[in-house]
Engineer: 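Once you've had a glance at the structure underneath, I'll fire off some questions.
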There are 2 protein chains.
Amino acid sequence: MSKNKRVTSYDVAREAGVSQSAVSRVFRPGVSVSEKTREKVLKTADRLGYRPNAIARMLINQSSGMIAVIVSSRANLNFPDVLSLLNKQIALHNKRVLLFTLDEAEQLDGVIEQILTYQVDGVVALTAHFEVESVKQFAQHNIPVVLYNREVPDHSVSSVCCNHDQGLKMLVDLLVRHHHRRYLIVAGPQDSDVATARLTGAQKALLQHGIDNVPVVRGDYSYESGQQALHSHLQNAMAPTAVICANDAMAIGVIDEAREKQQLRVPEDLSVVGFDGISASAWYSYRLTTVSQPTSYMTKAAVDTLVNLIENPHNPPESRYWPGTLIEGNSVATARSEDE
Amino acid sequence: MSKNKRVTSYDVAREAGVSQSAVSRVFRPGVSVSEKTREKVLKTADRLGYRPNAIARMLINQSSGMIAVIVSSRANLNFPDVLSLLNKQIALHNKRVLLFTLDEAEQLDGVIEQILTYQVDGVVALTAHFEVESVKQFAQHNIPVVLYNREVPDHSVSSVCCNHDQGLKMLVDLLVRHHHRRYLIVAGPQDSDVATARLTGAQKALLQHGIDNVPVVRGDYSYESGQQALHSHLQNAMAPTAVICANDAMAIGVIDEAREKQQLRVPEDLSVVGFDGISASAWYSYRLTTVSQPTSYMTKAAVDTLVNLIENPHNPPESRYWPGTLIEGNSVATARSEDE
DNA sequence: CATAATAATGACTTCGAATGCAATGTTAAA
DNA sequence: TTTAACATTGCATTCGAAGTCATTATTATG
């Protein structure tokens, strides 16, 4: 029973009557080995069930071939899609994803500590809680970092972002074309950079049309918080004619709250727009007007940027932006004149 | 600039005037070191920014501390929830998740090969494509495997499952109590074991009420395939009064198709039930009657089972079942008498 | 104060693959 | 046939932490 012992390159070498170096060379592409030895080694390796030990390889190569991916559990984005696409891209570069999830900001230090011990080749951060300080820790250890959908003002960290400003401008312009003047913004959580970017993006776009002092209610990106936001706003304010939401889930919450609890028709009485282009936004019951993020391009860009930095450590950080795509559903209608 | 060189235990030892062994011992809990050396080492370690190298540790410990998690991209289940919960449980045992995604069954061999080289401590498989043969490969290398929501008939592999039969019985019993006699089953893909389990579960439960030969349409677990299923069935068959769907996404697709395209009211004209209890099933527009899986218990059970097998390699495989919880929404109504 | 018992320490080896270097073997060219 | 050029090969070392073992320092006991 060879069951309890792993098969090493030495075992194969002994059985095949060659040196351990020879075995190693057979399993390393692009090294010169004679056809005879290669065959001998491959045959015995197969017979013994030998597989190169990735751990030992990591140690000698000074590179783990692993990418740390950090996700907040309370993620705004299309978590499953993004993660799975990222993983696919990373696999294309023959690297693996080591996954870290984050509940609270306070855990962050522990997670960074962990990541550093694992000698990962790079880090992709899909999380709002990520101060520049934290990134510096990775920089000190020469570990490149790419932020996904989050940018640092001084561009000292590479990032791949959807252009929130441009996306919100498209949405706002559309609403203004439909003669809306009374708005409500349902923003994301205070500590999320994406939320801030989308909020200021909306405000800037509205201001361009002379619309100012728009009320803001904060949610936490969840469906329930969208419902709650509309509900609490209507308690002590006039109903808006259009609601701009920081993401699709909250927008859907707003639509359901409006229809079921407030007896408002969407879009006839209330127009609602979201952001992200999650699959549920296209469902017949909602047909949400939203801006979809080009997730597959963005994940590819993120991984390409990261791999580039891994291979050229002295390259400067790079920020790449992607425009969103306006998806016109059926959640926006022309404001009724009596509301003007 | 210590930037280009990693700090090793030797560096710390030299600086602190102790041996490398001493440094190692300070970072390994439960080993005897004098307070004096500990302090000296910790101080210089901190100054130099030393962190134990997890890779070297893995090699000498003969254990990577990593768990491979395999997910199908086309997953039926609550992918984000399950993955994030799994990760949390695994982190509690001080291990990490190495992520592998699977597109097609053909990739499987390559992925298994990969996993074996990484010397993972165990495997959690969240995927339909996973033949017993594949599991045997892990068994040969003494790597324990736990299947999530998939069981092997002979119980030779550990698994954690939601009890599909029982869940479907609850749903069918509910529908029968509402006097439904004409059914449609929207099943999952042919090659998914969960799909098969749910289909036969539904058929068994219906048979107990003497209902036989229920038409079956297959979908791929997506919203669109739910729409498509209802649409194509109504082309050449009498409308059913109740539709039993293999998962919530398809059930929601059926509801939207019925309401928007077929001018059927749900639940008045058509009752629909799903399975999984995804968050969208509770949204006001749907209020789907479904069976929710106890995801947090199941993920905990999966990890506990796996860790137990890692620590006691000679334990027999263990299968654990969890009952689902019936969630009564508003998608089931009493069958109208003219339909009887 | 001597001796036993225990704690702390360092030298050295281990894990498994990769590689620089030197020593072969092979083929080509003169 | 001789020499040069090149392809294979194995030896020995490396990566960084952990643990064995023997040795030394410290404390406890008679």
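To find a chain, count down the sequence lines: A is the first, B the second, and so on, and within it residues start at 1.
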Engineer: Mark yes or no for a side-chain to base donor-acceptor pair under 3.5 Å between A:Ser21 and D:dC11, with no hydrogen or angle criteria applied.
Structural biologist: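 Side chain to base: pair present.
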Engineer: Of the listed nucleotides (C:dG16, C:dG10, D:dG10), which one gets closest to any side-chain atom of A:Ser19?
Structural biologist: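 The nucleotide sitting nearest to the side chain is D:dG10.
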Engineer: So what does A:Arg28 touch, heavy atoms closer than 4.0 Å: a base, only the sugar-phosphate, or nothing?
Structural biologist: sugar-phosphate
Engineer: Check the distance between D:dA18's P and B:Phe27's CZ and give it to me in whole angstrom.
Structural biologist: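 In whole Å, D:dA18 P and B:Phe27 CZ are 10 Å from each other.
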Engineer: Of all the nucleotides listed (D:dG10, D:dA17, C:dT19), which has the minimum atom distance to the side chain of B:Asn53?
Structural biologist: D:dA17
Engineer: Identify whether the distance between the nearest side-chain nitrogen and carboxylate oxygen of A:Lys43 and A:Asp46 falls below 4.0 Å.
Structural biologist: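 So A:Lys43 does not pair with A:Asp46 through a salt bridge.
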Engineer: Are the side chains of B:Val82 and B:Asn149 in touch, meaning some heavy atoms are under 4.5 Å apart?
Structural biologist: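 No; the side chains remain at least 4.5 Å from each other.
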Engineer: With a 4.0 Å cut-off on heavy atoms, is B:Arg51 in touch with a base, just the backbone sugar-phosphate, or nothing at all?
Structural biologist: sugar-phosphate
Engineer: Map A:Tyr10 and A:Glu35 onto DNA chain D by nearest heavy atom, then report which one ends up closer to the 5' terminus.
Structural biologist: A:Glu35
Engineer: Touch check for A:Val23, heavy atoms < 4.0 angstrom, all strands: base, sugar-phosphate only, or nothing?
Structural biologist: nothing
Engineer: Would you name the heavy atoms of A:Gln20 and A:Ala13 that are closest together and state the gap between them?
Structural biologist: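 Heavy atoms of A:Gln20 and A:Ala13 come nearest at N-CB, 3.6 Å.
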Engineer: If you define the side chain from C-beta out and look only at heavy atoms, does anything of A:Asp121 sit under 4.5 Å from A:Ser64?
Structural biologist: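 Side chain of A:Asp121 against side chain of A:Ser64, heavy atoms only: contact under 4.5 Å found.
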Engineer: Using heavy atoms to find the nearest nucleotide of DNA chain D for A:Gln20 and A:Thr37 separately, return the residue whose nucleotide is more 5′.
Structural biologist: A:Thr37
Engineer: Tell me which nucleotide among D:dG19, D:dC15, D:dA17 gets nearest to the side chain of B:Thr8.
Structural biologist: D:dA17
Engineer: Taking atom C1' of C:dC15 as reference, at what distance in whole Å does atom CZ of A:Arg6 sit?
Structural biologist: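 Answer to the nearest Å: 10 Å.
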Engineer: Could you state the atom-to-atom distance from CG of A:Leu48 to P of C:dG16 in whole Å?
Structural biologist: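 A:Leu48 atom CG is separated from C:dG16 atom P by 14 Å.
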Engineer: Name the nucleic acid region contacted by A:Ser24, choosing base, sugar-phosphate or nothing; use a 4.0 angstrom heavy-atom cut-off, strictly under.
Structural biologist: base
